[in-house]
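Quick notes on the structure that follows.
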Amino acid sequence: GFLDDSTLGPRALTDLRQANRLDPSRPAVWMAQASIESRIGELRAALFSIRRAQEADPLHSQGDYLDYKRFEAELQLERYDSAMVACSVGARRYPKAPLFRICGTKVAGLRSAEARDADTALRLADSLAGLEKLALPPTTPTELRLYAAAILWRAGLADSGERVYTRVSADWGANVDPGMLTDAAYARMVRGDIDSALALAARAVRADPMIARSLVELPQFAPLRRDAGFGAATQGIPPAETRGAPDR
């Protein structure tokens, strides 16, 4: 229930840590702890908890989810080589798991400057969007397309990146998923459009105040944190209200 009240996260975390001190043999409890730690931006603590969950789960009762959470934690810490190892291990253990179809592309989205990786991301997004039952978050195809835009911008293909980004964001309404707004903010940051990135970040925070902690903690947003308007964005205030910049 803490998702609806940011003050409950630390309290729930205290209970889970106490539970794991009393009995460290339950992987599901370690995973619950890791989920909250990740949610509030304590990424290194989350990775430790995930590893403890793996140690407590020799029979892999948690399935592909546990391996994928380790991949995500490594990725968020910008430990890309370790993330790819986790991706490869998960793919070997669970060759049919949809989660491991996308992990390599997610790594590319955060570091690649090769247009072919953008093409791969777009093809994968199209293939996933065409599935009637997608065993992944429904926002995954959009996330992959935003990564493709970021890759194209790193590759110096500004027009191509803009076309991909516009196709993704053109029909966003008032209730767009805040996680997608965060991904879009990252893409605009890569583009060099800091004001748009901050406006999107502020919009995401207004929709989900707990996103502010991720913006502060995630290494990938370090360039955005250097801007004077970042603090206001983490309070849900866009540049348009602080320095007259367009809110896009």
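The basis for the numbers below is simple: all heavy atoms, side chains too, and nothing from hydrogens, waters or symmetry mates. Just so we're clear, the structure is a prediction, and the values are computed from it rather than from any experiment.
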Using a 4.5 Å side-chain heavy-atom cut-off and chaining through intermediate ILVMFWY residues, the residues clustered with Met31 come out as Ile50, Tyr65, Leu66

Side chains of Pro95 and Phe100, heavy atoms from C-beta outward: is any pair under 4.5 Å? no

Full working for salt bridge (charged side-chain N to carboxylate O under 4.0 Å, His left out) between Glu217 and Arg44: CA-CA 11 Å; Glu217 297 288 343; Arg44 295 185 185 281; over 6 Å; no

ask   = Can you find a heavy atom in the side chain of Val205 that is under 4.5 Å from one in the side chain of Ile237?
value = no

*asked:* So for atom CG, which belongs to Asp171, do other residues, nucleotides or ligands contribute more than 12 heavy atoms lying within a distance under 6.0 Å?
replied: yes

Review point. Any chance the side chains of Arg163 and Ser160 put a donor and an acceptor closer than 3.5 Å?
Key: yes

Output for pair (Thr182 OG1, Arg203 CZ), nearest 0.5 Å, gives 11.0 Å

What do the steps show when you test Asp67 against Gln54 for side-chain hydrogen bond (donor to acceptor under 3.5 Å, both in side chains), and what is the final call?
CA-CA 8 Å; Asp67 278 330; Gln54 289 180 310; 2.9 Å; yes

message: Hydrophobic cluster membership, with links at side-chain heavy-atom distances under 4.5 Å among I/L/V/M/F/W/Y: are Leu157 and Val168 in one?
response: no

**Polar contact flag, side-chain donor to acceptor under 3.5 angstrom, Glu72-Ser38** = no

key: Chi angles and distances behind the salt bridge (charged side-chain N to carboxylate O under 4.0 Å, His left out) call for Arg191, Glu162   = CA-CA 9 Å; Arg191 175 73 170 89; Glu162 201 67 42; 3.2 Å; yes

Test side-chain contact (heavy atoms from CB on, under 4.5 Å) on Arg154 and Val190 and set out the steps. CA-CA 7 Å; Arg154 281 196 211 96; Val190 172; 3.7 Å; yes

Are the side chains of Asp126 and Arg145 in touch, meaning some heavy atoms are under 4.5 Å apart?
yes

* Going through the checks in order, is the side-chain contact (heavy atoms from CB on, under 4.5 Å) test met by Leu99 and Phe71? -> CA-CA 10 Å; Leu99 290 169; Phe71 160 77; over 6 Å; no

Assess whether side-chain contact (heavy atoms from CB on, under 4.5 Å) is satisfied between Trp172 and Met180, documenting all intermediate values. CA-CA 10 Å; Trp172 282 354; Met180 293 199 316; 3.7 Å; yes

**Report entry** Test item: Gln76 and Pro219 side chains (from C-beta on) under 4.5 Å apart, heavy atoms
**Finding:** no

message: Applying salt bridge (charged side-chain N to carboxylate O under 4.0 Å, His left out) to Asp81 and Arg111, what does each step give before you reach the verdict?
response: CA-CA 11 Å; Asp81 291 339; Arg111 70 171 176 176; 3.6 Å; yes

Query raised in the report: Thinking salt bridges, do Lys96 and Asp64 make one under a 4.0 Å N-O criterion?
Result: no

Q | Lys/Arg N to Asp/Glu carboxylate O, Glu74 vs Lys69, below 4.0 Å | A | no

Closest non-hydrogen atoms of Leu16 and Ile36, given as atom of the first, atom of the second and distance, are CD1-CD1, 3.7 Å

Same apolar cluster: Tyr94 and Val107, side chain cutoff 4.5 Å:
yes

Across all chains, not counting sequence neighbours, the side chain to side chain contact (heavy atoms under 4.5 Å, CB included) partners of Thr14 are none

Is it the case that one hydrophobic cluster holds both Leu128 and Tyr68, taking links as side-chain heavy atoms less than 4.5 Å apart, direct or via other members?
yes

_Audit row: Val216, Thr234, side-chain contact (heavy atoms from CB on, under 4.5 Å) steps and yes/no_ = CA-CA 8 Å; Val216 170; Thr234 62; 4.1 Å; yes

Open item on the list: Show, in sequence, the C-alpha distance, side-chain angles and deciding distance for Arg26 and Glu55, and conclude whether the salt bridge (charged side-chain N to carboxylate O under 4.0 Å, His left out) test is met.
Closed with: CA-CA 10 Å; Arg26 295 175 294 170; Glu55 292 168 4; over 6 Å; no

Next item on the list: Report yes if the side chains of Val164 and Trp153 come closer than 4.5 Å at any heavy-atom pair, otherwise no.
Entry: no

Can you confirm whether Tyr165 sits close enough to Leu152 that some side-chain heavy atom of one is under 4.5 Å from a side-chain heavy atom of the other? no

In terms of heavy-atom contacts, Ser25 and Pro27 come closest through O-CD, 3.3 Å

Value for CZ (Arg51) from CZ (Arg70), rounded to nearest 0.5 Å, stands at 5.0 Å

Exercise. Taking C-beta and beyond as the side chain, do Ser127 and Arg101 meet within less than 4.5 Å on heavy atoms?
Worked result: yes

Okay, side chain of Thr140, backbone of Leu136: is any donor-acceptor separation there less than 3.5 Å? no

Closest non-hydrogen atoms of Gly109 and Ala150, given as atom of the first, atom of the second and distance, are O-CB, 4.1 Å

In terms of heavy-atom contacts, Gly104 and Met84 come closest through CA-SD, 4.0 Å

The reported gap from OG in Ser88 to CZ in Arg93 (rounded to nearest 0.5 angstrom) is 12.0 Å

Smallest heavy-atom separation, Ala185 atom then Ala201 atom, equals CB-N, 4.0 Å

Side-chain heavy atoms under 4.5 angstrom apart, residues restricted to Ile, Leu, Val, Met, Phe, Trp, Tyr: same cluster for Val29 and Leu13? yes

query: Are Glu143 and Lys106 within salt-bridge range, i.e. N to O under 4.0 Å?
result: yes

Under 3.5 Å, which donor-acceptor pairs link side chains of residues 118-125 to any protein atom two or more places apart or in another chain?
from	atom 1	to	atom 2	distance (Å)
Thr120	OG1	Arg116	O	3.1

Closest heavy-atom pair, Ala155 versus Ala115, reported as atoms and distance to 0.1 Å, is CB-N, 4.4 Å

>> Are the side chains of Arg213 and Glu42 in contact, using a 4.5 Å heavy-atom criterion?
In response: yes

*Connected via hydrophobic side-chain network under 4.5 Å: Leu43 and Ile211*: yes

- Message: Check whether Trp30 reaches the backbone of Asn20 with its side chain - one donor and one acceptor, N or O, closer than 3.5 Å.
- Response: no

Whether the side chain of Asp57 engages the backbone of Gln62 through a donor-acceptor N/O pair (distance < 3.5 Å, no angle test) should be reported.
yes

Under a 4.0 Å N-O cut-off, is there an ion pair linking Asp183 with Arg188?
no

dist Leu144:CG -> Ile102:CD1 (nearest 0.5 Å) comes out at 6.0 Å

Separation between CG (Leu110) and CG (Leu218), nearest 0.5 Å, reads 9.5 Å

**OP:** Could you check whether the rings of Tyr186 and Tyr147 sit parallel, tilted or perpendicular, using 30° and 60° as the cut-offs?
**Re:** perpendicular

CG (Leu75) and SG (Cys103) are apart, to the nearest 0.5 Å, by 9.5 Å

